[in-house]
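Take a look at the structure below.
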Amino acid sequence: MWSFYSSRVFVILVVIANVSATLPFGNRNGESVLSSGLGAGGRRNNPRLPVSPEAYMSSHFYFYGITIQPEIIIYRGYPVELHTVLTEDGYLLGIHRIPYGRTAISRQKGPKRPVFLQHGLLNSDADWLINPTDRALAFILADRGYDVWLGNARGNAYSKRHVKLDVNEEEFWDFSWDEIGRYDIPACINYVLRKTGSRKLTYIGHSMGTAVFWVAMITNPELNNKIEVMMALAPAASVANVKSFVRLSAAFVDPIESFLRLIRTRAFLPNTGIHRRIREVFCERTLKEATLCRNLIFLIAGADPHNFNITALPVISGHNPSGTSVRTVSQFAKSFNLGQTFTRYDYGPQGNFEHYGQGVPPEYDLNLVTAPVYLFWGENDLLTTPEDVAWLASKLPNLKASIRVDYPLFNHWDFLWSVNVNELLYNRLLTLLPPPYYTETSHNIALPINVTRIARG
């Protein structure tokens, strides 16, 4: 039933994208690499896209429950470690470590500073790896000498395990980003610090990866002292000013959520089965199909045709979306309805009384986020808008800077996949990070301790 429903939704969105081809998203013929011939097999005005093996790779994959290889990272020529983090409420999160890069400086002896990267809504750690190696933040940091850790939130393709619950049980999917922030992020931070022997780490989040950071710092205030610096890309808290057309669904979020519960939908847009096949058919074969899907991305996140490599669309589509719970998605729609605020999940008046003892969901006190924070935002981001970022900036007590990316078309996904992301963002971000290696005068190293492969945060 859900496969039928979701496939119809996708077709409707593609139709919208087809109509949007007439909108000012740039000239299709402006993609010079395409006009020069992307490969044989398509009509002259609709060439086939090049086939990238990375579209079918994963950060890691399982064979009869055993993790085999972190394919993308190894394919790019980097070392990698697989780790499993146990949360307080029993979820088993698959996270990855790139201990050093391909440069000589990254192989120097001495203790390194750990950097933890957390993905956004419906994504996975693959998003930090998709761009070409010299423009993918995880690889850039590793080559600079940092000890890079990549997080995966419960419910995505790499974190679908629990000590007691089966992934097909409804209870497994009974979470929102409240639980991701309260349990997943603290467990990962504490695990990384124990594993590395460091007292602090640098946290870099994108979109929901920033929202769950605020929740983690507020619900576990002792964590603030474990953050050397937090870099928030497309920072999310209040979403009252979302400009994307997805805001239109907010008015119907309750009946939609009820309907999905009625048809026993558990995972929302997982990267499996028919969902993956639909994207392959509609987005990954020819230039025309890729252009339609690109336009859909632009409708959701903001149009920036000259900063988007359309030949990368099959790889992007191959890893996105990566799935989450229905509640996690609906929480953003409910937050839009609540206006300029940052609250816990809204169960409705009766449900709120049952969970919180009051008719409205309680607000998160952003004044409790005392870790040093830098905000980076794009003027053309339709999801985390400049107005909402300004509201967030006014609430953070230890804000170091709120930085607008100096390019008027910079959108929500440009933080990850922009052609010019180094010049527009990463070069500036890197200057604000602490150095990758600790010096003799550093006081941020704890005594080495033994940790198990699976650790409770």
Q | Minimal non-hydrogen separation, T328 against S176, with atom names | A |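 Smallest heavy-atom distance, with atoms named: OG1-CA, 3.4 Å.
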Q: Kindly give the heavy-atom pair with the smallest separation between S159 and F172, and that separation in Å.
A: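 Looking at all heavy atoms of both residues, the closest pair is O-CZ, 4.1 Å.
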Side-chain donor-acceptor distances from residues 426-436 under 3.5 Å, at least two apart:
{"from": "Y426", "atom 1": "OH", "to": "F415", "atom 2": "O", "distance (Å)": "2.6"}
{"from": "N427", "atom 1": "ND2", "to": "N422", "atom 2": "O", "distance (Å)": "3.2"}
{"from": "T431", "atom 1": "OG1", "to": "R428", "atom 2": "O", "distance (Å)": "2.6"}

Counting the benzene-type ring for Trp, do [X] and [Y] have ring centres under 6.0 Å apart?
X: F332; Y: W177; result: yes
X: H206; Y: W413; result: yes
X: Y203; Y: F213; result: yes

Q) Cation-pi between R344 and Y356: NZ/CZ under 6.0 Å from ring centre and within 45° of the ring axis? A)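 No - R344 does not lie over the ring of Y356 by the 6.0 Å and 45° rule.
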**Q.** R76 to F139 six-membered ring, cation-pi geometry met (6.0 Å, 45°)
**A.**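 Verdict for F139: no cation-pi partner in R76.
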Q) By side-chain contact (heavy atoms from CB on, under 4.5 Å), which residues pair with V242, not counting sequence neighbours? A)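 Partners of V242 by the side-chain contact (heavy atoms from CB on, under 4.5 Å) criterion, ordered by chain and then number, come out as V239, S244, R247, F336, L383.
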Q | Partner set under side-chain contact (heavy atoms from CB on, under 4.5 Å) for N225, not counting sequence neighbours | A |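 If we apply the side-chain contact (heavy atoms from CB on, under 4.5 Å) test to N225, skipping adjacent residues, there are no hits.
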Step through the shown structure and confirm whether more than 12 heavy atoms of other residues, nucleotides or ligands are within 6.0 Å of [atom1] on [X].
X: E170; atom1: CD; result: no
X: E171; atom1: CD; result: no
X: D406; atom1: CG; result: no

Quick one: do the [X] and [Y] side chains pair a donor with an acceptor below 3.5 Å?
X: N398; Y: K400; answer: yes
X: H412; Y: D381; answer: yes
X: Y407; Y: N380; answer: no
X: T202; Y: E228; answer: no

Q: Take the angle between the ring planes of F298 and F308 and call it parallel below 30°, perpendicular above 60°, tilted in between.
A: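 F298 and F308: perpendicular rings.
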**Q.** H83 and W149 aromatic ring geometry - parallel, tilted or perpendicular at 30°/60° bounds
**A.**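 Judged by the thresholds at 30° and 60°, the geometry between W149 and H83 is tilted.
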**Q.** Audit row: L141, I204, side-chain contact (heavy atoms from CB on, under 4.5 Å) steps and yes/no
**A.** CA-CA 11 Å; L141 291 168; I204 302 177; 4.0 Å; yes
**Q.** Note, K395 side chain near D365 side chain (heavy atom, < 4.5 Å)
**A.**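 No, side chains not in contact.
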Q: Would you check if D346 and N352 make a side-chain contact, meaning some heavy-atom pair closer than 4.5 Å?
A: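 Side-chain contact under 4.5 Å: yes.
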Q: Dump the intermediate steps for side-chain contact (heavy atoms from CB on, under 4.5 Å) on D414 and V421, then the final yes or no.
A: CA-CA 7 Å; D414 283 339; V421 70; over 6 Å; no
